Trainee: 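For reference, the structure I am asking about is given below.
Quick caveat, the model's predicted, so the values are computed rather than measured. Just so you know, ligand 1 is whichever comes first in the structure, and atom 1 is the first atom listed for that ligand.
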Amino acid sequence: MANTLYDALFAPHEKNTGVFLHLKEGGNIAYEAFLRMAAQFAHVISDAGLTAGDRLAVQVAKSPEALAVYAACVRSGVIFLPLNTAYTRAEVGYFVENSGAKLVLCDSSSADAVAEIAARNEAALMTLEADGSGSFTQAAQSKPTGFDTAHRDGGDLAAFLYTSGTTGRSKGAMLTHDNLLSNARSLVEYWRFSSDDVLLHALPIFHTHGLFVAMNVSLLSGCSAIFLPAFNVDDLIGNMENATAMMGVPTFYTRLLDDPRFTRELAQHMRLFVSGSAPLLAETHEAFEARTGHRILERYGMTETNMNTSNPYDGERRAGTVGFPLPGVEVRVADPDSGTAIASGDIGVLEVRGPNVFKGYWQMLEKTKEEFRDDGFFITGDLGKIDADGYVHIVGRQKDLIISGGYNIYPKEIELLLDEQEGVLESAVIGVPHPDFGEGVVGVIVPQPGKSPDTEAIMAAINGQIARFKQPKRLVTLNELPRNTMGKVQKNALRDQFANLLAG
Ligand code: MCA
Ligand code: AMP
């Protein structure tokens with residue numbers, strides 16, 4: 001039966017004996033073996049009672065097996081919902097409940113906590129450990145290595161990726177088979193991926209960048225990936241000589257540049273370095289070229305839209321820009337309030353339309369409507385301009401968002417938590433320059449009259465509630481927050497005041 005994504009990305013490899021994943025510990029997994037494993041997983045998923053359109057939530061370490069769960073979901077028509085391993089029990093509880101997931105996969109260290117969440121939501125629970133063992137793979141061992149692929153059209157849903165919002169509540173972005181496939185096709189062509197490539201893969205596979213950009217491109221082009229369980233400079237340096245391409249967030253590049261072992265010679269037979277998820281400083285771009293002779297190719301995307309723009313493969317990769325709209329993707333700059341298009345070169349909100357743009361937020365019709373214009377353009381919340389040569393520049397954000405090491409953090413979510421703490425009247429959370437993560441989180445609290453809140457106790461109290469990477473690196477106390485005449489907190493003034501708080 002036709003299945004848009006499976007037929008394009010996976011089915012062509014069912015008899016491919018070539019290497020798909022090179023493993024850190026040595027050895028590799030061939031495409032055909034990977035697909036046999038995925039077929040067995042698809043049986044376990046369907047035996048658990050899931051059918052096309054149901055959701056499977058996964059919070060597990062990066063492993064070939066974890067990736068095969070994605071393939072298994074696509075094949076069985078089940079919607080794949082990967083979750084950041086840093087999310088706390090409270091966060092996972094929300095995602096499982098909101099999505100109505102019928103099966104949850106986690107590792108045994110969190111199984112007790114997740115079991116309670118699963119039971120509350122009448123979901124099944126199975127384990128999958130970092131080494132690939134667990135009740136899920138155990139159940140798969142006796143299953144057939146073939147599977148009747150579920151019929152899925154291009155408009156059917158393939159994945160939910162949760163993205164936080166300015167209201168503090170996470171929204172499930174619904175991505176269709178066509179969204180993912182159209183983007184993968186554009187990127188393979190734009191970045192010239194072929195089966196000769198070897199992608200150095202150190203990104204997590206629970207977000208768009210590491211999963212859809214990196215892995216869908218690998219699958220569609222039939223290349224192999226050096227599949228590292230996590231980012232670590234030693235592993236990147238140790239494996240670079242065997243790779244031809246790498247994708248990373250800016251922190252990957254600044255950390256590589258901080259290491260004297262990262263030399264021109266080491267990078268000499270790489271053909272492509274891609275950066276995205278957060279702004280790459282022009283100085284990093286220049287330092288990288290000076291060190292290696294390579295110009296990093298910066299591109300721009302979003303969970304809701306996959307990739308929107310990219311610097312060119314052959315033409316000038318312009319530092320400080322995110323290049324041109326990808327083929328088939330329309331990008332315009334609009335007045336943030338009215339949505340009217342703005343003259344070329346002026347700054348406005350970036351809006352995007354194309355086959356890459358998601359179907360909407362799960363069960364949030366109103367929220368979805370608010371983020372689209374009547375003519376179908378999605379309002380990204382990024383502020384930018386398009387220069388005379390057609391390069392898109394991102395100059396800031398209309399949305400109150402912090403991007404730290406490539407992870408999105410919505411201040412509202414943390415402010416709501418801080419406001420609940422003993423002795424806190426109100427709070428503001430801001431992003432300030434951080435030498436490693438680009439931006440780092442700072443929390444500013446205002447005490448209730450006569451109270452002196454204990455910042456250490458507050459940090460301890462929020463620890464179990466939100467993922468570590470979202471927690472303020474510093475919490476400071478002010479007598480009052482700066483406000484404009486309308487009473488709105490002036491975060492710019494706070495960002496200026498604390499600009500050096502996390503420096504060096
Ligand atoms: C880890 N920590 C962080 C971050 N990562 N704090 C702030 N921001 C971060 N990004 C904290 C941990 O909580 C921990 O704190 C300490 O740092 C060490 O944790 P560890 O896991 O060892 O950190 P690491 O391995 O050095 O991780 C840094 C990293 C990682 C490699 C840059 O954050 C990463 O892989 N980032 C990539 C994110 C990504 O894939 N983004 C794509 C989203 P403590 O010691 O206090 O416990 S997709 C997207 O944005 C769109 C679609 C796009 O365009 O791509
Ligand atoms: P996410 O919601 O995690 O998908 O993050 C999407 C956001 O990351 C975008 O709206 C941008 O603000 C930001 N982003 C992604 N790529 C870039 C880039 N190359 N330069 C600047 N910001 C970027």
Trainee: Could you tell me whether some N/O pair between S277 and ligand 1 is separated by less than 3.5 angstrom?
Mentor: yes
Trainee: Can you tell me how far apart CD (E316) and CG (D389) are? Round to the nearest 0.5 Å.
Mentor: 8.0 Å
Trainee: From atom 48 (S) of ligand 1, is the closest protein heavy-atom distance below 4.0 Å?
Mentor: yes
Trainee: When you look for heavy atoms under 4.0 Å from ligand 2, do you find them on the side chain of T303, its backbone, both, or neither?
Mentor: both
Trainee: Can a protein heavy atom be found under 4.0 Å away from atom 14 (C) of ligand 1?
Mentor: no
Trainee: At what distance is the nearest protein heavy atom to atom 20 (N) of ligand 2, and which residue and atom is it?
Mentor: E298 OE2, 3.4 Å
Trainee: Verify whether one side chain among E129 and S108 offers a donor that lies under 3.5 Å from an acceptor in the other.
Mentor: yes
Trainee: Answer yes if a protein heavy atom lies under 4.0 Å from atom 42 (C) of ligand 1, otherwise answer no.
Mentor: yes
Trainee: Would you call E289-R317 a salt bridge at under 4.0 Å N-O?
Mentor: no
Trainee: With L105, which of T127, L56, V114, L83 fulfils side chain to side chain contact (heavy atoms under 4.5 Å, CB included)?
Mentor: L56
Trainee: For atom 38 (C) of ligand 1, decide whether some protein heavy-atom distance is shorter than 4.0 Å.
Mentor: yes
Trainee: Answer whether the closest heavy-atom distance between the side chains of V249 and Y407 falls below 4.5 Å.
Mentor: no
Trainee: If the contact criterion is a heavy-atom separation under 4.0 Å, does R299 count as touching ligand 1?
Mentor: yes
Trainee: Just go through G323, G301, G381 and tell me whose heavy atom is the nearest to atom 7 (C) of ligand 2.
Mentor: G301
Trainee: Please state which protein non-hydrogen atom is closest to atom 12 (O) of ligand 2 and give its distance, to 0.1 Å?
Mentor: D382 OD1, 2.6 Å
Trainee: Using the ring centroid of each side chain, check whether Y391 and F324 are separated by less than 6.0 Å.
Mentor: yes
Trainee: Which protein non-hydrogen atom lies closest to atom 8 (N) of ligand 1, naming both residue and atom, and how far is it?
Mentor: S404 OG, 2.7 Å
Trainee: Taking only heavy atoms of I394, which atoms of ligand 2 are found under 4.0 Å from at least one of them?
Mentor: 20 (N), 21 (C), 22 (N)
Trainee: Look at ligand 1 and say whether P204 reaches it with a heavy atom at a distance under 4.0 Å.
Mentor: yes
Trainee: So, N463 and R468: side-chain donor and acceptor under 3.5 Å apart, yes or no?
Mentor: yes
Trainee: Measuring to protein heavy atoms, does anything land under 4.0 Å from atom 2 (N) of ligand 1?
Mentor: yes
Trainee: May I ask whether K399 places a heavy atom under 4.0 Å from ligand 2?
Mentor: yes
Trainee: Any idea which of K470, H209, H434, M302 brings a heavy atom closest to atom 52 (C) of ligand 1?
Mentor: M302
Trainee: Strictly below 4.0 Å, N to O, side chains only: are K399 and E304 in salt-bridge contact?
Mentor: no
Trainee: Counting non-hydrogen protein atoms only, what is the nearest one to atom 21 (C) of ligand 2? Give residue, atom name and distance.
Mentor: P279 N, 3.4 Å
Trainee: Under 6.0 Å between ring centres, would you say that holds for Y87 and F95?
Mentor: yes
Trainee: What atoms in ligand 1 come closer than 4.0 Å to a heavy atom of H207?
Mentor: 43 (C), 48 (S)
Trainee: Can you tell me which residue and heavy atom of the protein come closest to atom 3 (O) of ligand 2, and the distance to 0.1 Å?
Mentor: N408 ND2, 3.0 Å
Trainee: Among L200, L199, I29, L21, exactly one meets side chain to side chain contact (heavy atoms under 4.5 Å, CB included) together with F227. Which residue is that?
Mentor: L21
Trainee: Do any N/O atoms on L203 end up under 3.5 angstrom from N/O atoms on ligand 1?
Mentor: no
Trainee: How far is atom 45 (O) of ligand 1 from its nearest protein heavy atom, and which residue and atom name does that atom have?
Mentor: R468 NH2, 4.5 Å
Trainee: Just by distance, do the side chain of E439 and the backbone of I403 share a donor-acceptor pair under 3.5 Å?
Mentor: yes
Trainee: What I want to know is whether Y407 and ligand 1 share at least one N or O pair that is separated by under 3.5 angstrom.
Mentor: no
Trainee: Side chain, backbone, both or neither: which applies to F469 and ligand 1 if a contact is any heavy-atom pair less than 4.0 Å apart?
Mentor: both
Trainee: In the protein, which heavy atom is nearest to atom 17 (C) of ligand 2, and how far is it?
Mentor: A278 N, 3.7 Å
Trainee: When you check the side-chain N and O atoms of D419 and S427, is any donor under 3.5 Å from an acceptor?
Mentor: yes
Trainee: Would T208 count as a contact residue for ligand 2, given that I'm defining contact as a non-hydrogen atom of the residue lying under 4.0 Å from a ligand atom?
Mentor: no
Trainee: Is a salt bridge present between K470 and E91, judged by a nitrogen-to-oxygen distance below 4.0 Å?
Mentor: yes
Trainee: Any idea which protein heavy atom is nearest atom 13 (C) of ligand 2, and the distance to it?
Mentor: I403 CD1, 3.3 Å
Trainee: With a 3.5 Å cut-off and no angle check, do the side chains of T176 and N179 form a donor-acceptor pair?
Mentor: yes
Trainee: Where's the contact between R255 and ligand 1, heavy-atom distance under 4.0 Å: side chain, backbone, both or neither?
Mentor: side chain
Trainee: Does the pair R332/D375 count as a salt bridge with the N-to-O cut at 4.0 Å?
Mentor: yes
Trainee: What residues, two or more places apart in sequence or in another chain, satisfy ring pair (Phe, Tyr, Trp, His ring centres under 6.0 Å) together with Y253?
Mentor: F288
Trainee: Which of these, S277, G320, G438, has its nearest heavy atom closest to atom 14 (N) of ligand 2?
Mentor: S277
Trainee: Look at atom 22 (O) of ligand 1 and say whether a protein heavy atom is found at less than 4.0 angstrom from it.
Mentor: no
Trainee: Just to confirm my output: which protein heavy-atom neighbour is closest to atom 25 (O) of ligand 1, and how far is it?
Mentor: F231 O, 4.2 Å
Trainee: Measuring to protein heavy atoms, does anything land under 4.0 Å from atom 33 (O) of ligand 1?
Mentor: yes
Trainee: Please verify whether a non-hydrogen atom of K473 lies at under 4.0 Å from ligand 1.
Mentor: yes
Trainee: Should R299 be counted as touching ligand 2, given the test is an N or O pair under 3.5 Å?
Mentor: yes
Trainee: Can a salt bridge be assigned to the pair D234 and R261 using a cut-off of 4.0 Å between side-chain N and carboxylate O?
Mentor: yes
Trainee: Let me confirm one number: the CZ-NZ distance from F160 to K359, rounded to the nearest 0.5 Å.
Mentor: 10.0 Å
